Amino acid sequence: MTTFETIAKLVAESKDLDVNSIKPEMTFADLGLDSLDVAELVMNMEDELGVTIEISPALKTVQDVVALVDAQKK
Amino acid sequence: MIIRSFGHALPKRIVTNDELARFLDTSDEWIQSHTGIQSRRVLTGGETLSALGAQAAEMALERAGMTAADIDYILCSTTRGEMFFPSTSCLVQQKIGAGCPCLDINAGCTGFLYALDTADALLESGKAKRLLIVCAEQLSRLTDWTDRSTCVLFGDAAGAAICERGDGIKAVRLTAEGDAAYLHGWPSGGNSPFDDQIPTEKPLYMNGQEIFKFAVTRSLRDVETVMDESAITADAVDYFVLHQANRRILDAVRARLKQPEEKFPVNITDHGNTSSACIPVLLSEMEGDGRLKKGQTLVLSAFGAGLTTGAAVLQY
């Protein structure tokens, strides 16, 4: 599973969404996630992907998080 | 160590979310959906923290059928004492009329767990026989009331517990990861002519998202550790009494432990986050309304500035 697919799955689970409706360019606000939903999502990603993600205002879209995770995996 | 009784006290002044929305860019809907808080109590002019602590102590003494003269040690947990000195425990001692050693502890919102562990050591070593813990907090006098992301979260309160030697504590775990970056409070600046870098930062700062992550992951880890150490399962626990920082932290921990809502008592709705007073105030309220009964198994878990955490399995 790619990083995007893993993150899309976690977002879909957290908000009960259709995983296919999640696109990389969507913001967390578009997906109905507030600041604490994002924190919980990051926690779940850290568990699932074995990375550490510092939450910052720069993390707005799904792609922003994918890029951060992929940079750590390299 | 066993706990004989709990007590608590709250300031009279109630501040609703709507009242905050009159001077902050916030709303009742936002505060409730992000925190679970509807209102909080705050100290007003002339009201002192030690008087609130003494009131909580007196309730605990009365419930235990004791007087202040029976107490031979006072531990006070506070993040923002009434004064730098005397210690808040000394000020409480004077008000209740006790005569015994007094010691303040500051472990942020984890203070009650740190106090419990210290009390356990003092009682088991024979240094004390009847010990009073008072958690007295006045974060309303530390928060920046122009910062809508933090000032809406906190309230003032005091909780107390009377402790004696016994085998009620089944396991305790305390941790600290010294780091001020995400959560800290500054004292006011002072006026030293030799200090050209007097802090001008906000009195209280918190990165809510990072602290949320810290709280959920560490609380879950600590709760599982103390349950393992005392060989009990989550299903065997009567109540999980967690630090009341945010309703959504409680929900996230509860979902991961797969436990029903009624096993996670809540008082954040009416009190906000009262720092180290949250847990003893909640237990005192449960003692008062009959939910808390002798013999029940409780898991306590707190987390706060330090960053500190603490958890315990306690048979009441």
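Not measured: the values here are computed from a predicted model. Letters A, B, ... are given to chains in the order of the sequence lines, protein chains preceding strands, and every chain is numbered from 1.
- Contact of Tyr182(B) with chain A is made through the side chain alone, with heavy-atom distances under 4.5 Å.
- Expressed to the nearest 0.5 Å, how far CG of Leu36(A) lies from OG1 of Thr35(B) amounts to 9.0 Å.
- Of the two parts of Ile53(A), only the backbone, made up of N, CA, C and O, holds a non-hydrogen atom closer than 4.5 Å to a non-hydrogen atom of chain B.
- Around atom CZ of Arg148(B), no more than 12 heavy atoms belonging to other residues, nucleotides or ligands sit under 6.0 Å away.
- Glu40(A) has its side chain out of reach of Val216(B): every pair of non-hydrogen atoms, C-beta onward, lies at least 4.5 Å apart.
- Checked for salt-bridge contact, Arg248(B) and Asp34(A) meet the test: a charged N lies under 4.0 Å from a carboxylate O.
- Looking at Glu54(A), the atoms closer than 4.5 Å to chain B (heavy atoms on both sides) sit in the backbone and in the side chain alike.
- Taking each heavy atom of Ser35(A) and Gln209(B) in turn, the nearest pair found is O-NE2, 3.0 Å.
- More than 12 non-hydrogen atoms from other residues, nucleotides or ligands lie less than 6.0 angstrom from CG of Asp18(A).
- At a 4.5 Å heavy-atom cutoff, the contact between Asp37(A) and chain B is made by backbone and side-chain atoms alike.
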